[in-house]
Amino acid sequence: MTKKNVKVTLVRSPIGTPESHRATVRGLGLRRLNSSRVLVDTPEVRGMIRKVSYLVTVSEA
């Protein structure tokens with residue numbers, strides 16, 4: 001069984017967003033603009049991405 005991955009990139013600044021959204025961005029491992037992480041595609045990660053979808057872009061990895 002192969003695990004699928006997603007690439008998440010921070011494209012908007014979390015400054016001025018609710019604290020929980022900033023914490024979610026950090027939880028995804030994103031630190032500064034245009035930083036990217038390749039994460040395993042799990043329901044938990046998908047939920048985090050959905051919460052901050054206006055700050056990030058997602059692509060297949």
Side-chain angles (χ1 to χ4, degrees):
M1 180 177 174
T2 60
K3 294 184 180 181
K4 294 185 178 180
N5 293 325
V6 292
K7 182 178 181 182
V8 183
T9 305
L10 185 64
V11 294
R12 290 192 59 196
S13 174
I15 294 173
T17 61
E19 180 60 37
S20 65
H21 291 202
R22 282 180 272 167
T24 301
V25 168
R26 290 303 306 254
L28 287 169
L30 304 172
R31 292 180 178 260
R32 55 181 58 103
L33 285 180
N34 297 316
S35 64
S36 297
R37 287 289 304 259
V38 175
L39 304 166
V40 178
D41 191 7
T42 63
E44 295 82 5
V45 169
R46 282 289 175 178
M48 294 171 77
I49 291 170
R50 193 173 303 114
K51 183 174 182 176
V52 294
S53 62
Y54 64 101
L55 298 175
V56 299
T57 59
V58 181
S59 60
E60 294 294 322

Problem set entry | Straight-line distance of Ile49 CD1 to Thr24 OG1, nearest 0.5 Å | 11.0 Å
Problem set entry | Atom pair CG/CZ of Asn34 and Arg12 - distance to nearest 0.5 Å | 13.5 Å
Exercise. Minimum heavy-atom separation for Thr9 to Ser36, with atom names?
Worked result: OG1-OG, 2.8 Å
Exercise. Between atom CG of Leu33 and atom CD1 of Ile15, what is the distance when rounded to the nearest 0.5 Å?
Worked result: 8.0 Å
For this session: For the pair Asp41 and Lys3, find out whether any cationic side-chain nitrogen is under 4.0 Å from an anionic carboxylate oxygen.
Result: no
Exercise. At what distance, to the nearest 0.5 angstrom, does OG1 of Thr17 lie from NZ of Lys51?
Worked result: 10.0 Å
Exercise. Would you call Val58 and Arg46 a side-chain contact if the rule is heavy atoms closer than 4.5 Å?
Worked result: yes
Problem set entry | Shortest non-hydrogen separation from Leu30 to Ser35 and the atoms involved | CD2-O, 3.5 Å
Exercise. How long is the gap from CZ on Arg26 to CG on Leu10, to the nearest 0.5 Å?
Worked result: 10.5 Å
Exercise. Which residue pairs pass the ring-ring contact (aromatic ring centres under 6.0 Å, His included) test with at least one member in residues 15-61, sequence neighbours excluded?
Worked result: His21-Tyr54
Exercise. Rounded to the nearest 0.5 Å, how far apart are OG1 of Thr42 and CG of Asn5?
Worked result: 10.5 Å
